[in-house]
*Asks:* 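Below you will find the structure I want to go over with you.
Only heavy atoms go into these numbers, but all of them, side chains included; no hydrogens, no water, no symmetry mates. Quick note on labels: first sequence line is chain A, next is B, and so on, each numbered from 1.
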Amino acid sequence: EAGVTQFPSHSVIEKGQTVTLRCDPISGHDNLYWYRRVMGKEIKFLLHFVKESKQDESGMPNNRFLAERTGGTYSTLKVQPAELEDSGVYFCASSQRVWRGGYNEQFFGPGTRLTVL
Amino acid sequence: TQLLEQSPQFLSIQEGENLTVYCNSSSVFSSLQWYRQEPGEGPVLLVTVVTGGEVKKLKRLTFQFGDARKDSSLHITAAQPGDTGLYLCAGPSTSGTYKYIFGTGTRLKVLA
């Protein structure tokens with residue numbers, strides 16, 4: 001079974017440009033999450049989709065970030081316009097719908113390293 | 001605000017040595033997970049501990065959840081170069097059980 005995939009693996013853009021990151025979750029996983037790690041900091045939650053609906057976007061930094069999951073399959077995260085502080089590694093994770101035994105196993109993609117110059 | 005602090009931040013040891021990594025919080029977590037991350041990859045789940053005082057073993061790795069469910073430890077016996085990586089603990093936020101709080105990470109290097 002294929003794991004979570006993310007594209008691109010690296011992106012280098014200039015301040016003010018737009019970048020779109022893509023995540024393909026594990027097939028059949030209704031839950032999809034975006035996380036981010038900026039240099040020297042811990043991984044932080046950005047938002048959570050259940051199918052195509054945003055369940056929790058409390059971690060989104062500001063309105064320059066837009067996440068979509070049309071059709072409840074893959075998701076995109078657009079940053080427009082990008083700022084220097086947006087640099088970091090963006091991880092996508094997915095999990096099954098069922099909450100098993102009180103916890104939720106999230107499977108992570110390899111991440112997209114974004115560098116804003 | 002829930003925080004997970006890991007110690008040590010960095011650890012460099014010789015092959016065959018034992019080590020323990022700690023994950024501490026002032027908050028109670030319903031569960032804690034341990035991940036290992038290697039360069040260019042995402043975190044990979046190693047184990048989930050759910051019950052206070054629980055001990056789980058995964059080959060040479062032993063995970064323990066504190067009785068009060070505020071802390072956890074990872075002990076590696078006879079470390080090998082293949083254990084090298086970033087070890088992360090994480091737990092569900094009280095503000096949203098699908099929202100994970102991650103620890104600061106312990107970067108382990110095992111020298112041959």
*Asks:* Listing request: all side-chain hydrogen bond (donor to acceptor under 3.5 Å, both in side chains) pairs with a residue in residues 74-86 of chain B, at least two apart in sequence or in separate chains.
*Replies:* B:Thr20-B:His75, B:Arg60-B:Asp83
*Asks:* Do A:Arg37 and B:Gln37 come within less than 4.5 Å of each other through their side chains, counting heavy atoms only?
*Replies:* yes
*Asks:* Given a strict heavy-atom distance threshold of 4.5 Å, which part of B:Gln6 is in contact with chain A: side chain, backbone, both, or neither?
*Replies:* neither
*Asks:* Is any side-chain heavy atom of A:Glu105 less than 4.5 Å from a side-chain heavy atom of B:Thr48?
*Replies:* no
*Asks:* Let me confirm one number: the CD1-CD1 distance from B:Ile101 to A:Ile43, rounded to the nearest 0.5 Å.
*Replies:* 12.0 Å
*Asks:* Step through the shown structure and confirm whether more than 12 heavy atoms of other residues, nucleotides or ligands are within 6.0 Å of CD on A:Glu85.
*Replies:* yes
*Asks:* Which answer fits A:Ser58, side chain, backbone, both or neither, if we ask what part of it has an atom under 4.5 Å from a heavy atom of chain B?
*Replies:* side chain
*Asks:* With sequence neighbours left out, write down each residue that passes ring pair (Phe, Tyr, Trp, His ring centres under 6.0 Å) with A:Phe65, or none if nothing qualifies.
*Replies:* none
*Asks:* If I compare all heavy atoms of B:Gly103 with all of A:Glu42, which pair ends up nearest, and what's the gap?
*Replies:* O-CB, 3.4 Å
*Asks:* In terms of heavy-atom proximity below 4.5 Å to chain A, should B:Leu32 be classed as side chain, backbone, both, or neither?
*Replies:* neither
*Asks:* Does a sphere of radius 6.0 Å around NZ in B:Lys109 hold more than 12 heavy atoms from other residues, nucleotides or ligands, not counting ones at 6.0 Å or beyond?
*Replies:* no
*Asks:* Search all heavy atoms of A:Pro110 against all heavy atoms of B:Gly40 and return the closest pair with its distance.
*Replies:* CB-O, 3.7 Å
*Asks:* Answer with yes or no whether the hydrophobic clustering places A:Val89 together with A:Phe7; edges join I, L, V, M, F, W, Y residues whose side-chain heavy atoms lie under 4.5 Å apart.
*Replies:* no
*Asks:* Counting C-beta onward and ignoring hydrogens, is there a side-chain heavy-atom pair between A:Lys44 and B:Phe102 closer than 4.5 Å?
*Replies:* no
*Asks:* Does atom CD of A:Glu14 have more than 12 heavy-atom neighbours, drawn from other residues, nucleotides or ligands, at distances under 6.0 Å?
*Replies:* no
*Asks:* Between B:Tyr100 and A:Tyr35, is a side-chain contact (heavy atoms from CB on, under 4.5 Å) present by the stated rule, with each step listed?
*Replies:* CA-CA 9 Å; B:Tyr100 270 54; A:Tyr35 290 87; 3.2 Å; yes
*Asks:* In terms of heavy-atom proximity below 4.5 Å to chain A, should B:Leu88 be classed as side chain, backbone, both, or neither?
*Replies:* side chain
*Asks:* Count the heavy atoms belonging to other residues, nucleotides or ligands that lie under 6.0 Å from CZ of B:Arg107, then report whether that count exceeds 12.
*Replies:* no
*Asks:* Indicate, with yes or no, if A:Leu21 and A:Met60 share a hydrophobic cluster defined by side-chain heavy-atom contacts under 4.5 Å among Ile, Leu, Val, Met, Phe, Trp and Tyr.
*Replies:* yes
